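Side-chain atoms are counted along with the backbone in the values below, which use heavy atoms only and exclude waters and symmetry mates. None of these values were measured; they are calculated from a predicted model. Sequence positions, counted from 1, serve as the residue numbers for this chain.
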Amino acid sequence: MKYMIMMFGSAEGMMETADPEWIREMIGFMIQIDKDLSDSGEMVFNAGLADPGTAKLVKQTDNGVITTDGPFAEAKESLIGYWVVDVASEERAVEICSSIVKYAPVVELRRVQDEPPEV
């Protein structure tokens with residue numbers, strides 16, 4: 001079963017307020033979990049995202065398509081990284097999330113659909 005694990009937070013806020021030792025620990029953890037998931041064959045792909053201040057929004061309006069600066073949400077915390085994993089069970093996906101949540105205020109787990117829903 002494929003799941004997307006989404007890590008939310010504020011990279012900018014973390015760099016301003018977190019203890020440098022904690023940041024080094026978190027980066028080491030991220031490197032290790034990526035390696036572990038790759039070694040186990042559970043990693044499909046993953047990525048960290050640039051600061052939300054670099055985001056662009058593309059919108060359809062009555063006047064056509066417009067592009068504006070992002071991010072979409074007016075919040076300090078946003079999606080900062082994600083993993084897509086292929087695991088044996090939801091319990092395993094939750095186990096992975098449980099290790100990540102130490103470094104993020106919110107981790108969202110969502111099943112990846114194999115195809116669009118029937119209409």
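In terms of heavy atoms, Trp22 sits closest to Lys102 at CZ2-O, 4.0 Å. The minimum heavy-atom distance linking Gln113 with Pro117 is given by the pair NE2-CD, 3.6 Å. Heavy-atom minimum distance, Met6 versus Leu79: CB-CD1, 3.4 Å. Across every non-hydrogen atom of Val101 and Ser98, the tightest pair is CG1-O, 3.5 Å. Scanning all heavy atoms of the two residues, the minimum distance from Trp83 to Asn46 falls at CD1-CB, 3.6 Å. Closest non-hydrogen pair, Pro105 versus Gly9, comes out as CD-CA, 4.2 Å.
Applying the side-chain hydrogen bond (donor to acceptor under 3.5 Å, both in side chains) rule to Ser40 yields the partners Glu42; only residues at least two apart in sequence or on another chain are considered.
Interatomic distance, Arg111 CZ to Glu90 CD, rounded to the nearest 0.5 Å: 8.5 Å. Separating the CD atom in Glu25 from the CD atom in Gln32 is a distance of 13.0 Å, to the nearest 0.5 Å. With rounding to the nearest 0.5 Å, the separation of CG in Asp36 from CZ in Phe29 is 8.5 Å. Atoms CG and CZ, on Asp86 and Arg92 in that order, are 12.0 Å from each other to the nearest 0.5 Å.
Annotation for Asp114: atom CG does not count as buried by contact number, only 12 or fewer foreign heavy atoms lying within 6.0 Å.
The closest side-chain heavy-atom distance from Lys35 to Ile31 is not below 4.5 Å. Put simply, the side chain of Lys56 does not reach to within 4.5 Å of the side chain of Thr68, judged on heavy atoms. In this structure, the side chains of Met7 and Tyr103 come closer than 4.5 Å at one or more pairs of heavy atoms.
Grouping the Ile, Leu, Val, Met, Phe, Trp and Tyr side chains by contacts below 4.5 angstrom, directly or via other members, places Ile66 apart from Val58. A continuous path of Ile, Leu, Val, Met, Phe, Trp and Tyr side chains, each step under 4.5 Å between heavy atoms, connects Phe45 with Val112, placing both in one hydrophobic cluster.
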**Prompt:** Hey, mind stepping through Ile5 and Leu109 against side-chain contact (heavy atoms from CB on, under 4.5 Å) and telling me if it holds?
**Reply:** CA-CA 5 Å; Ile5 299 169; Leu109 176 65; 3.8 Å; yes
